[in-house]
Amino acid sequence: YQVAPIQNHGLTFSGGTDRLQYSVSGNYLNQQGIVPKSGIQKGTLRANINHKVLKNLDFSLSSIFSRQSQDRTSGENGTRGGGVLSAILI
C-alpha cells in the first residue's frame, strides 16, 4: 500500500446585469489510489445563462461537461473484487 494524496481544485466566475446572469465553474480532482498504479482523475465544467427576454419570457441554458479517467492495477477485471482485493491476493 501507499499514501494516497488528493488534489481538488475549483474555480467559479459569475456576474451579469438585471436582465442577464451567467455562471461558469470548473473543478479538477486527482486522487491517487492506495494500491500502486491506481487512481482517478476527474474534470468538470458547468455553465449557466439566464436571460430575461421579455417581461413574461425567460431563457435559461445549463450545460455540464465532464471527463473521468481511472487508473487500474494490471489484471483488475472486476472478478477479483477490485484494486484493494487484487493487492491482497497478489
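Computed over heavy atoms, backbone and side chain alike; hydrogens, waters and symmetry mates excluded.
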To the nearest 0.5 Å, what is the distance between CG (N50) and OG (S23)? 9.5 Å
Atom OG in S38, atom CD in Q2: separation rounded to 0.5 Å? 6.5 Å
Distance from L45 atom CG to S66 atom OG, nearest 0.5 Å? 10.0 Å
The reported gap from OH in Y28 to CG in N8 (rounded to nearest 0.5 angstrom) is 10.5 Å
Please name all residues satisfying side chain to side chain contact (heavy atoms under 4.5 Å, CB included) with Q31, sequence neighbours left out, ordered by chain then number. I6, I40
Taken to the nearest 0.5 Å, the spacing of K42 NZ from S69 OG works out to 11.5 Å
Strictly distance-based, threshold 3.5 Å: is any side-chain N or O of R19 a donor or acceptor partner for the main-chain N or O of K52? yes
To the nearest 0.5 Å, atom CD of Q41 lies from atom CD of Q32 at 9.0 Å
I need the minimum non-hydrogen distance between V53 and F59, along with the two atoms involved. CG2-CB, 4.0 Å
How close do A4 and I34 get, counting heavy atoms only, and between which atoms? CB-CG2, 3.7 Å
Sequence neighbours left out, cut at 3.5 Å: what donor-acceptor pairs do the side chains of residues 9-16 make with other protein atoms?
none

